[in-house]
Each structure stands twice: as structure tokens, then as C-alpha cells.
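Note that the coordinates shown come from a computational prediction; the quantities given were computed from them, not determined experimentally. Below, chain A is the first sequence line, B the second, and so on; all start at residue 1.
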There are 2 protein chains.
Amino acid sequence: MGARRGEDVEVVTAPGRLPGNDEPAVRERARAIPEAAVARLAVYLRVLSGLAEQDVTTISSEELSAAAGVNSAKLRKDLSYIGSYGTRGVGYEVEVLVDQIERILGLTRKHSVCVVGIGNLGHALANYAGFPGRGFPVSALFDVDDDLIGVPVGGILVSHVDDIPRVCAEREVSIGVIATPPPAAQGVCDRLVSAGVQCILNFAPVVLQVPDHVEVRKVDLAVEMQILSFHVARRADEAANADESGMVVPG
Amino acid sequence: MGARRGEDVEVVTAPGRLPGNDEPAVRERARAIPEAAVARLAVYLRVLSGLAEQDVTTISSEELSAAAGVNSAKLRKDLSYIGSYGTRGVGYEVEVLVDQIERILGLTRKHSVCVVGIGNLGHALANYAGFPGRGFPVSALFDVDDDLIGVPVGGILVSHVDDIPRVCAEREVSIGVIATPPPAAQGVCDRLVSAGVQCILNFAPVVLQVPDHVEVRKVDLAVEMQILSFHVARRADEAANADESGMVVPG
DNA sequence: CCGACTTTGTGCACACGTTCACAAGCGCTA
DNA sequence: TAGCGCTTGTGAACGTGTGCACAAAGTCGG
Ligand SMILES: NC(=O)c1ccc[n+]([C@@H]2O[C@H](COP(=O)([O-])OP(=O)(O)OC[C@H]3O[C@@H](n4cnc5c(N)ncnc54)[C@H](O)[C@@H]3O)[C@@H](O)[C@H]2O)c1
Ligand SMILES: NC(=O)c1ccc[n+]([C@@H]2O[C@H](COP(=O)([O-])OP(=O)(O)OC[C@H]3O[C@@H](n4cnc5c(N)ncnc54)[C@H](O)[C@@H]3O)[C@@H](O)[C@H]2O)c1
């Protein structure tokens, strides 16, 4: 290994210098769980919760992976990131896995959520029973529309966006959901950040600029649609190519 | 190159044998665009459309990448997958890029969308102006609730799920959006698939089983929240570790 | 107590995706 | 036309994620 090519220019990776760069994700501790694995753990957790309700007490990696729609080796590797809680020759205890995944995902602590922008989407989110049911109580709603302020939606009164700092502090909001029109999103984001919210879920189709310590995830339906569209197009292309090149003309 | 290690076991990649395996994604043609790049192309497209409206005619990879929130090298590589449409020393013509990305994403063709499950979320989706605005006209709505059948939502009458085959064929639906309660999702999915829908966007928190030729994307808000929760927890852990190990106790 | 059988946990190789760094190419100026 | 400065396009290194295949470790029947 090493100097395979003759012109290695002493790549030293600039030890600890790097000015204001992007911080890919993890640097310090090597024992980090891959982001992709975290997303899957959340899925396993949902499947396992369902199984627990059906009084299933034990499950093998093969069965669980089928239910979660993944490869069984991947499932075992994912679970290995959080520890060794299986019994060889038997499988995993459902309850143990639920507890351990919840621990790793930080679900032992409740995370209060606020929704900003109580329009079509905001209403649906505020009324969604799936959040509180999974440890994410919606505890504050915000909008700028005077007709909405003070109105109860899903059992919670809508506050004015100007009150974000106070209300978020009082109700210990740790996750902010942005469901405003695109032009308002960055402004709302800035307010949330200065109110101390460190996690943001953004539905507005804009790229948010945030400081390094804030985690943003976005849900962009148009992008999802376009990815689907791409696959349709690619498939059509392949079919066309197959017709042209490979296929023997019948007759 | 070649036999670096002493025990090369003649890895021949089993020429064309592979029985009924999973087909990871692409195999045949090497000139495939990475999935991750496709998602970003959709984002670039949105940014570029905004620029075009502001009469920006030319943009460099540096500027565009900043606006899209990615590394400029990544942006250039992404664009290189679709061809060479830049001018060295100058940058890219906005209009050209828009056209080319739309071509690759298959957006030259309109993709009719249907929404199944017109509850809280389904209403929001049916009323969402962002879909038709981006080439995805919502052309059919379905539910099982008799009180909803025949009612107009967002200008379209709600049909009964039993009519999925007929209505989807008539209106040439190519993308199905599932917004039903979780237990109904798989059934709805099966109906859509047998009606010939090949792309599905699923909001119900369940793992859908579909044939190989159907493309499914899921939007799972609880999973998104849990990923955010994980990062909060990890951050808290790191802080605690830093306190314990490294930091000098003051005083 | 042993040996057969089952399933986990993981080392390893490969595939995919990201980033760097720079030659190639273009426009502009003299 | 030659030279200069700028930006693209990409080869190659690197890092991350995936999947195979198997040893390790357990259960269970005899
Ligand atoms: N409706 C959908 O199904 C859907 C789907 C995908 C994405 N989105 C995105 O979600 C966002 C909301 O969509 P919608 O359909 O609910 O829009 P909407 O117009 O129905 O609601 C927007 C709400 O935000 C409020 N608002 C405006 N400016 C604000 C500000 N500065 N601070 C706080 N609140 C403010 C408005 O008063 C309104 O109540 C948009 O960005 C949209 O692109 C919506
Ligand atoms: N509301 C949200 O913000 C939100 C967020 C994330 C995920 N989801 C998920 O989206 C789905 C819908 O959520 P919602 O809040 O709109 O629920 P909802 O109960 O308001 O609406 C569900 C609708 O589906 C219809 N339906 C039931 N069975 C059906 C069937 N077999 N075929 C067709 N339609 C059927 C019902 O009549 C109802 O109109 C759920 O799976 C939910 O978990 C919702």
C-alpha cells in the first residue's frame, strides 16, 4: 500500500485545521451508527411494536427482516450496532429489542413538537394521532394569520409566530415542524433556531440554511414524485433499447 | 494489480448465472445515474426554476451548489451524469439545465396522480397546488367512506376504491399515493398494482409488498422524527462523555 | 454429556457514493 | 494569435454501506 503512484504530494489531511467546513456527520467517535441503519432501526421498532401487541415474544432475524422488507444479514448487522441481544439458535426477544432500540433512538425521553404554519398540511399534522402515540406530543402550534391565533386545532391553541421564543421555552419544544409557504420557511427556521430548537423537519420545498449544531430533515413530495417519474422514464428507455438492439424481429 | 493477496479464489463473478436473485437496482447498462444523484437533480431543478423566473440566465457550479446546499464537486458530477452542458470558464445556462434535467427525470411527459384515502392528509394532498404546478396533476381521488364518495375535493370528485381499475385506466394514472390508515394500505396497494399503477408513494407506516416491476417510495414522518430524536440523544451522550473524561473540573 | 441442528454476530470483499485536485477547454484581452 | 484566468468535467482516492459466508454459541434430543 502507500506510494503506488509516483506523485504522492504528501496528503496530510490538514490536521485539525479545516476552517468553516460542512462537517460530514461523524468525526470524533468511531463507534457511530450509520445514518441508514438508524432509519431502519426505526422501521424495525414499528414492526416489533406490532408483534408485541400480537403477543409474539421471540423472532428470528429471518422473520423480522422479511417483515421489515430488508435482507436478513443487514438486519443482523443493524442490530449488532446497538449490542448483542439475540440468542444463537433461537432469535431475539421482541420486548428486549423494543427497549434497546428505543434507548438508542432516545425515545425514553419525550420530545415535544411544535408545528409552524397551520394551513392544509399543518392541520393534518396537528390532528395526526401517530405522533403522540410514538412519543412525540405536539405541544405548540404557530401561524401568522390573525384568524387562526387562539383557535384550537387538535386540542391545542394556535399561537403567533412572534411568541415562538417564549412558548417553545415554556413547553420545552425540541423539534420544530415547518409547514409554511416556501418564502416564509427560512424566516421561521431562523426563529426556531434562535429559540433553541435543534431539530427541524421541513415540508416547504426550500433549502434551509442552519448553523452546524442544528439537524434538519426535509420531506419534499415533489422530489419524491420526480424520482418515481425518473424510474418510469428509465424503464421506458430500457424497453425501447431492448426492442431496438437485442430482440429478434418475429416473423 | 491482481493477486495482491495470496489466496485469490478465481473470482469470476459467475457469468450470467445468478438464479432468481433480488436485482439490487441496475445491472444491465453501466451508464446508470445513482439514485442519490437523481434526488439531488430534482432539487437543482427547483432551484434553477426559481432562478429562471428571476431572469438569471447563467450560473456557475459554485453558485448553484451553494443555493442547493451541496458541495460544488458533487454538483458537477451529478450534472455530468446527464451530459456536458456547461461552458468552461463561464458556467451553465439555466434554461439548458432545466430542459435537460426535466428530460432525464421524465418530466416532459405529464404523470397523472391519484390519491387514495381522503382523510386529513388526503385532503391536504388533494388541495396541494405544488403537484400540478410541477407536472403531476392530481386526476383521481378514492375512499371507502360513503359520505365522501361523489364529494368534490380540490375540484375532483371522490370515487370509490372499487372503481380504481376503471378510473385509473380512463385517466391514465401513473402514480398512486396511499394515505389510508395503515391496515388498509396493503390492500389498496394491491388494487393499484393490479390496475397497472407502477409507482406508489406511501404515507401509511407499513412496509408494502409489491412485485419487482413496481417502484415504491415511502414517507414516514414518525421515522423522520425518530432519526431527529437519535441525533439529540447522541449529542447529549457526547456532551456527557466530554464532561466526564476530558474536561477539567473548574475551581 | 454429547453431537446435531439452528441462528446469531461479524470479517471480508465488493459496490456505491463523496470529495479532492487538476488537466482540458473556453472567453477575453492585448 | 498567444497568453491568461476562470470554470468545467473527471480520474482516482477515500469513506460508507451492503451482502456473503462462516465460525461461534446457543438449544434440544438422546
Ligand atoms: N398541502 C400539501 O399536501 C403539501 C404537500 C407537500 C408540501 N407542502 C408544503 O407545505 C407547506 C404548507 O402547505 P399548505 O398546503 O399547508 O399551505 P397553506 O397555504 O394551506 O398553509 C400555509 C400556512 O402557513 C401560514 N403562514 C404563512 N406565512 C407564515 C409565517 N411567516 N409564519 C407562520 N405561518 C405562516 C399561513 O397563514 C397558512 O396558514 C408549503 O410549503 C407546501 O409547499 C404541502
Ligand atoms: N395526518 C397526518 O399528518 C399524517 C402524517 C403522517 C402519516 N400519516 C398517515 O397517513 C395515513 C392517513 O392519515 P390521516 O390522518 O389522513 O387519516 P384519516 O383517518 O384522517 O383518513 C384516512 C382516510 O382513509 C379512508 N380509508 C379507510 N380505509 C380505506 C380503504 N380501504 N380504501 C380507501 N380509503 C380508506 C378513510 O375513509 C379516511 O377518509 C395514515 O396511515 C397515517 O398514519 C398521516
Nucleotides 24-30 of chain D: protein proximity per nucleotide (B base, S sugar-phosphate only, - neither; heavy atom, under 4.0 Å): BBBS---

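- Regarding B:Leu79, its CG atom lies at a distance of 9 Å from the P atom of D:dT8, rounded to whole Å.
- A salt bridge does not link B:Arg234 to A:Glu35: none of the charged nitrogens lies less than 4.0 Å from a carboxylate oxygen.
- Evaluation of atom-type donor-acceptor distances gives no pair under 3.5 Å for the side chain of A:Lys77 against the base of D:dT18.
- Considering only side-chain N and O atoms, A:Ser61 lies under 4.0 angstrom from the phosphate OP1 or OP2 of C:dT8.
- For the pair B:Glu93 CD and C:dG27 P, the interatomic distance rounds to 12 Å; values are reported in whole Å.
- Rounded to whole Å, atom C1' of C:dT6 lies 13 Å from atom OH of A:Tyr92.
- For B:Ser80, the listed nucleotide lying nearest its side chain is D:dT10; candidates were C:dG9, D:dT10, C:dG17.
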Test log, rule side-chain contact (heavy atoms from CB on, under 4.5 Å), inputs A:Leu192 and A:Cys114: CA-CA 10 Å; A:Leu192 287 171; A:Cys114 76; 3.8 Å; yes

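- Considering A:Ile178, A:Val177, A:Thr180, A:Val188 as possible partners of A:Asn202, the one that fulfils the side-chain contact (heavy atoms from CB on, under 4.5 Å) test is A:Ile178.
- Going from atom CD of B:Glu35 over to atom P of D:dT16 covers 21 Å, rounded to whole Å.
- At whole-Å resolution of the value, OH in A:Tyr81 and P in C:dG11 are 11 Å apart.
- For the residue pair B:Leu201 and A:Glu224, the shortest heavy atom distance occurs at CD1-CB, 3.9 Å.
- Atom CZ of A:Arg40 and atom P of D:dT16 are 15 Å apart (whole Å).
- Distance CG (B:Asn71) to C1' (D:dG9): 14 Å, rounded to an integer number of Å.
- Exactly one residue among B:His111, B:Arg134, B:Arg109 makes a side chain to side chain donor-acceptor pair (under 3.5 Å) with A:Ser229. That residue is B:His111.
- A donor and an acceptor atom never sit less than 3.5 Å apart when one is taken from the side chain of A:Lys74 and the other from the base of D:dG17.
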Test log, rule side-chain contact (heavy atoms from CB on, under 4.5 Å), inputs A:Tyr92 and A:Arg76: CA-CA 10 Å; A:Tyr92 301 89; A:Arg76 287 199 298 276; 3.8 Å; yes

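- Looking only at distances, a side-chain donor or acceptor of B:Gln186 sits under 3.5 Å from a matching main-chain atom of B:Gln209.
- Of the candidates D:dT18, C:dT19, D:dT10, D:dT10 carries the atom nearest the B:Arg76 side chain, counting heavy atoms from C-beta on.
- Regarding A:Asp78, its CG atom lies at a distance of 16 Å from the P atom of D:dT16, rounded to whole Å.
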